Amino acid sequence: MADESKPLNFIQQTITRDLAEGVVDKVVTRFPPEPNGYLHIGHAKSICLNFGLAEQFGGDCNLRFDDTNPEKEEDEYVQAIIEDVQWLGFQWSGDVRYASDYFGQLYDWAKYLVQEGKAYVCELNAEQMREYRGTLTEPGKNSPFRERPADESLTLLEQMKKGDVDEGSMTLRAKIDMASPNVSLRDPVMYRIKKVPHHRTGDQWNIYPAYDFAHGQEDAIEGVTHSVCTLEFASNRPLYDWFVENLPVPSTPHQYEFGRLNLNYSVTSKRKLKQLVDEGHVVSWDDPRMPTISGMRRRGVPAVAIRHFCDSLAVAKTDGVVDISQLEHFIRDELNKNAPRAMTVLRPLKVVISNLPEDHLEQLTAPQHPELDMGNRTLPFTREIYIDTEDFKEEYSKKFKKKLTPGKRIRLRNGYVIEADDYVKNEAGEVVQVNASLVPDTLGKDPADEIKPKGVVHWVSVQHCVDCEVHLYDRLFNDPAPDAGDKNFLDAINPASLQVMTGCKAEQSLADAEESTTYQFEREGYFCKDRKNSSAEKRVFNQTIALRSVWVEADT
RNA sequence: UGGGGUGUGGCCAAGCGGUUAAGGCAGCGGCUUUUGAUGCCGCCAUUCGGAGGUUCGAGUCCUCCCACCCCAGCCA
């Protein structure tokens, strides 16, 4: 997977050195999501990084759910996350792991620290603890419970665990340094009381370990060598190391931080994404407009495109904002190379080819792909066809030279050249039918009179097409930085992010389109059949992404 | 006014003291084209947050300054 020509990032350099110096024999990484929401594009970067590192250096990568807060976590999320990681194409080492598997061990280690005089049960409430903690510029002061005897803390801890103590009234804290310039080290909470059922351990526990007391030890238990996380955890690293050093853990993992992915015109925060779903701004976590893995999958984005995009991202400590066009580039690149082609008319306009008999039916063939050998499809060609309303203009102008216009010719994609004769309007003044003539002997060749058509237009047979609905998407937010500063990201929501096109006409071969394949609807973009809204009677296609276009239609 | 990070073209980014500062995205020209797609060709930083300094030589080393991000949850 590693591209030899690419320079090693700082984590790869560290691993290379650790392997060379024998600091580690084998690399073990892990992807540790909290099951409190669906995975998004930012997680994809972390997934590709962690699994990629293991792959490149012949090691293992674990999938471990960091489920230490039952108030926010649900089994629905763990199932969705498992599916997303697999879909992206990665396989974790061994079974799926859970922080909750280690609750017993963690509890024993907590008691060990108490016995060592390095932890204590504190009876300060949340507000008091905040006061005692000090500020960024002033040191904190010691809790009055800090020097309480170990066996007293042990007894209290046991009561906390049994559920005999009220939530919020006691915590177990590490005894480190209330005057540390690093606030994380000012006697951090190790255990808090939560009388809440856990998605895996049920009501077995009344206390749950805090992230800082759990993560490093989980890594140590699993033999993780390189624990890669995002930048905001950098100030937690000394605490991560403190627990690992002060506990009889089976191995010594190390934490490395890299800059998380930020994408413009998007939000990549599980909290905000959850809000979009909960408040109905989108219909679900896998709504095709969501920057979630499941949303992109449903929209037709290939997993490999996401992987290529992630691989193109720098693993560094800079926190930049990547332009969405970068992601779009990899999606188009992959789809252009591999998506089968098809024709679908989004805004049908009937064209009657008058010099063809009423019952004319000719089976034309067209390649599934212009370059790849993917076989052919048949295109029934009849007297009546549909082209896109946008592809016909009443008046010719240089601007519209590639469109059909009276007296001018156009090539039907994969078919003949036709020439428009006249057209019919309805009461509203809209063109509802075009009458045209077929220019003979133009299948695969130019007209004999050398008057070549300037443009190519996609079409379907009126009698041999299938009805469908097409969902067109625009970005979910109009603001490049919807959640910057003190902005409310909801204010930036694009009210026109979804456009439902009904009465669309797809070529016959799309009758049995598969949800797992994304097609290029020629001259329109990439589309895949929606896995939720489609039924036997109704076909719905989601737009993955439009084709690039330098064509801007002006009204002159 | 504490601690931890980061600053290279519109965006991302390589560069690890020594030819004229990689590459990708976006943009702009041109060619090809039965997808206004794709492909191909060309253009796009006298300069690396700023100011000093060290050196024959600095984006790369030193000093000071500036800007931005993270940390004061019994969230992760």
Side-chain angles (χ1 to χ4, degrees), chain A residues 5-7 9 13 32-34 36 66 68-69 71-73 122 124-126 129-131 133-140 167-173 179-186 188-194 207-208 210-212 214-215 229-238 257 259 261 264 270-271 312-314 316-330 332-333 336-337 341 343 366 370-371 401-403 410-417 442-446 452-458 480 520-525 546-553:
Chain A
S5 64
K6 263 177 91 175
N9 64 50
Q13 289 177 15
E34 182 189 10
N36 65 343
D66 220 346
T68 58
N69 184 356
E71 282 170 356
K72 297 184 175 176
E73 298 151 6
C122 180
L124 254 26
N125 63 32
M129 198 181 290
R130 197 181 319 122
E131 286 163 10
R133 187 154 35 225
T135 69
L136 295 177
T137 53
E138 302 158 42
E167 274 187 35
S169 61
M170 288 184 195
T171 55
L172 181 72
R173 297 226 260 164
S180 172
N182 182 347
V183 185
S184 306
L185 262 19
R186 320 242 260 230
V189 169
M190 294 165 55
Y191 268 102
R192 61 309 203 199
I193 300 167
K194 282 185 193 291
I207 59 173
Y208 293 91
Y211 168 84
D212 287 305
H215 208 90
C229 63
T230 45
L231 249 29
E232 67 269 24
F233 291 96
S235 47
N236 298 52
R237 183 171 7 114
E257 311 89 22
L261 168 67
N264 61 15
K270 271 195 263 182
R271 203 210 96 225
S312 80
L313 264 16
K317 286 180 181 285
T318 44
D319 46 2
V321 180
V322 174
D323 198 301
I324 190 81
S325 67
Q326 196 115 215
L327 206 211
E328 295 173 340
H329 163 75
F330 284 98
R332 289 198 182 95
D333 185 55
N336 173 53
K337 286 174 181 153
R341 313 283 130 125
M343 293 192 285
E371 281 149 35
K401 67 182 177 197
K402 296 209 175 198
K403 296 185 181 298
I410 208 77
R411 161 142 251 138
L412 296 176
R413 176 69 169 158
N414 297 124
Y416 294 90
V417 172
T442 49
L443 190 60
K445 55 178 91 160
D446 288 331
K452 295 201 276 187
K454 292 282 193 298
V456 181
V457 144
H458 56 105
Q520 182 192 106
F521 288 176
E522 288 186 293
R523 302 210 315 132
E524 288 290 353
L547 247 29
R548 265 188 79 195
S549 177
V550 296
W551 165 250
V552 274
E553 186 166 351

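Proteins come first, then strands; the chains are lettered A, B, ... in the order of their sequence lines, and each starts at number 1. Note that the structure is predicted; figures quoted are calculated from it, not measured.
Residue-level contact check: A:A126 touches the bases, meaning some heavy atom is under 4.0 Å from a base atom. Heavy atoms of A:S549 sit under 4.0 angstrom from primed sugar atoms or phosphate atoms, though from no base atom. In this structure, A:N125 reaches the bases: a heavy-atom distance under 4.0 Å links it to at least one base atom across the strands shown. The residue A:G320 sits close only to the backbone: its heavy atoms come under 4.0 Å of sugar-phosphate atoms, none of a base. Here A:K194 lies in heavy-atom contact (under 4.0 Å) with sugar-phosphate atoms only. Nucleic acid contact class of A:R133 (heavy atoms, under 4.0 Å, all strands): sugar-phosphate only. Within the nucleic acid shown, A:M129 comes within 4.0 Å of at least one base atom, counting heavy atoms only. Using a 4.0 Å heavy-atom distance criterion, A:N414 is classed as a base contact. Using a 4.0 Å heavy-atom criterion, one finds that A:N236 contacts the bases of the nucleic acid, with or without backbone contacts as well. Here A:L124 lies in heavy-atom contact (under 4.0 Å) with a base. In this structure, A:G259 reaches neither bases nor backbone, as no heavy-atom distance under 4.0 Å exists between it and the strands shown. Nucleic acid contact class of A:E131 (heavy atoms, under 4.0 Å, all strands): none. Nucleic acid contact class of A:P370 (heavy atoms, under 4.0 Å, all strands): base.
Among the nucleotides B:rC25, B:rA72, B:rU34, the one closest to the side chain of A:V456 is B:rU34. In the set B:rA76, B:rA26, B:rU6, the nucleotide with an atom closest to the side chain of A:K317 is B:rU6. Among the nucleotides B:rG2, B:rG3, B:rC74, the one closest to the side chain of A:S235 is B:rG3. Closest contact between the side chain of A:E522 and the listed nucleotides B:rG15, B:rU35, B:rC74 involves B:rU35. When the nucleotides B:rG4, B:rC70, B:rC74 are ranked by their closest atom to the side chain of A:R192, B:rC74 comes out on top. When distances are taken from the side chain of A:Q326 to each of B:rC12, B:rA37, B:rA76, the shortest belongs to B:rC12. The A:F233 side chain lies nearest to B:rA76 when the options are B:rG15, B:rG4, B:rA76.
Counting atom types as modelled, A:E371 pairs no side-chain N or O with a base atom of B:rU38 as donor and acceptor under 3.5 Å.
By the 4.0 Å N-to-carboxylate-O rule, A:K194 lies close enough to A:E71 to be salt-bridged with it.
Contact check, A:R548 against B:rU38: a side-chain N or O comes under 4.0 Å of OP1 or OP2. For B:rC12, neither phosphate oxygen OP1 nor OP2 lies less than 4.0 angstrom from any side-chain nitrogen or oxygen of A:T318. Taking only side-chain nitrogens and oxygens, A:H329 comes nearer than 4.0 Å to OP1 or OP2 of B:rC25. The phosphate of B:rC70 has neither OP1 nor OP2 within less than 4.0 Å of any side-chain N or O from A:R237. Residue A:S312 places none of its side-chain N or O atoms closer than 4.0 Å to OP1 or OP2 of B:rC25. Contact annotation: A:R523 side-chain N/O to B:rG36 OP1/OP2 distance is under 4.0 Å.
Looking at A:S184 and A:N182, their side chains do bring a donor and an acceptor atom within 3.5 Å of each other.
Rounded to whole angstrom, the span from the CG atom of A:L231 across to the P atom of B:rG4 amounts to 14 Å. Rounded to whole Å, the distance from CD1 on A:I410 to P on B:rU33 is 16 Å.
Put simply, A:Y211 does not rest on the base of B:rA76: the two rings are not both less than 5.5 Å apart at their centres and under 30° in tilt.
Closest heavy-atom contact between A:R523 and A:H458: NE-CD2, 3.4 Å.
Separating the C1' atom of B:rC75 from that of B:rA67 is a span of 30 Å, rounded to the nearest Å. Taking atom C1' on both nucleotides, B:rU8 is separated from B:rC48 by 4 Å, rounded to a whole Å.
Toward the 5′ end of RNA chain B lies the nearest nucleotide of A:V321, the other residue of the pair A:L443 and A:V321 mapping further downstream.
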